[in-house]
Every structure is written in C-alpha cells, then in structure tokens.
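Beneath this line is the structure, given in structure tokens, with notes to follow.
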Amino acid sequence: MSIKAIFGLGNPGDRYVNTRHNIGFKFINALKSSACEVLAKKVKLNSQIFSCRVNDNSILLVKPQTYMNLSGEAVQAVMNFYKLSLDEICIIADDIDIEFSNIRVRKKGGAGTHNGLKSIIKLIGSNDFLRIRLGIGSPPVNMQLSDYVLQDFSENEQQVLDKVLSKASHILLENLEQPQDIVLNKLNSLIV
C-alpha cells in the first residue's frame, strides 16, 4: 500500500521555526519544494494540510499545529477524517539518539524520549507505522534536553541539513508507490 499522508512533527509559531524540534516541519517544506505540486492548503483538524500531486499520485503533507507533546491529537484527527490506515501514513520526527544529519527509517518501534511519538502511539493505539527519524545529535552534558531541542540550528548545521532534506525528500517522493521496504532501504543508505 502506498503512502497517502506524511506528517512532519514540530511546534507552531515563529519562535520555533529554526529549532531542532521543528525538523519535521522543515522536511515538509523540502517536500513542497521538490517535485510536489501543491494544489491546496487547508487549516483544519489541528493541522496545516497541503494537498499535493506527485506525478499521478495524490498525497497530504501535514504539519500538526498542536505543539509537539500533543501531536497524536492532530495525527488521529487527520487519519480519521481521511480514513487513512497505518500503512498509508509516514511520520517525520527529530531524534537525539541519531547523529546529526543521519536518517533512520523504521516500520514500527517505540517512541524513545520523543513526546510527539509517544502522543501518536497512545492516541492511534499502535506503534506500527512508518517513521523517518532525522538525527539532531545529543545535547551537551551541561544542557537540558528541552533547551537543546528548542535551540536553533547553527548556520553550518543548516547548510548540511538543507542538503539532507533535499535528497531525502526527492527519494521519498520518487518512491511513494514502492513497497515501504524499498523506501526504508533507500533512505537508510542516504549519504550526504
């Protein structure tokens, strides 16, 4: 079954735009800038929803507007409204346990320390969905996790990140109709 909706996790508001926790929103922006033709934008179901066309495929790009810790509310609402199955969604989230600029893709798994993933798993009642985890690296020893994830990327990090997101978004869009294992393998082997 093909991917019908991609959810990029983040926090709404200007003060969070360039923070590490908003890498999911940045990925959605990269998808919109790639080969995706945006047909419409709606603000409903606690989300910004972009209806897009990629070749002959329709896809939803979603930025939950509930703040990270309540992401499950938006994901559940969009899934219910559009009658999406677990096989048709993909969640994009930051991960402190993955080195900066690396990507890990899994078809199921736990949430780790990520409150957005915890909220999604709790509200949709399953951890069996495709997730793309984008590495933001670990916080320095003397920094609280909450301060680190809400810290802006440095200028050098942003340049690297732009390349990673561009390549990853092209791979994802080019393989929407492929089995999830193919998407998983291609993104996991991405080198920038």
Is there side-chain contact between [X] and [Y], with heavy atoms separated by less than 4.5 Å?
X      : Y      : value
Ser101 : Leu161 : no
Ile132 : Cys90  : yes
Arg104 : Asn188 : yes
Tyr148 : Pro140 : yes
Asp94  : Arg20  : no

For the [atom1] atom on [X], are there more than 12 heavy atoms of other groups (residues, nucleotides or ligands in this structure) within a distance under 6.0 Å?
X      : atom1 : result
Asp128 : CG    : yes
Lys186 : NZ    : no
Lys108 : NZ    : no
Glu37  : CD    : yes
Gln144 : CD    : no
Arg106 : CZ    : yes

*Single-linkage hydrophobic cluster, 4.5 Å side-chain cutoff, Phe7 and Phe50 together*: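 No, Phe7 does not connect to Phe50 through the hydrophobic network.
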May I ask you to decide if [Y]'s main-chain N or O and [X]'s side chain share a donor-acceptor pair within less than 3.5 Å?
X      : Y      : result
Ser119 : Gly72  : yes
Asn127 : Ile121 : no
Ser47  : Leu45  : yes
Ser33  : Asn29  : yes
Ser166 : Asp162 : no

_Using the side-chain contact (heavy atoms from CB on, under 4.5 Å) criterion, which residues pair with Tyr67? Sequence neighbours excluded._
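Once residues adjacent in sequence are excluded, the partners of Tyr67 under the side-chain contact (heavy atoms from CB on, under 4.5 Å) criterion are Asn11, Pro12, Tyr16.
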*Between the side chains of Lys26 and Asn18, is a donor N or O closer than 3.5 angstrom to an acceptor N or O?*
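There is such a pair (donor and acceptor under 3.5 Å, judged by atom type) between the side chains of Lys26 and Asn18.
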_Under a plain distance cut-off of 3.5 Å, with no hydrogens placed, do His114 and Asp95 share a side-chain donor-acceptor pair?_
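Judged by distance alone, the side chains do not pair up.
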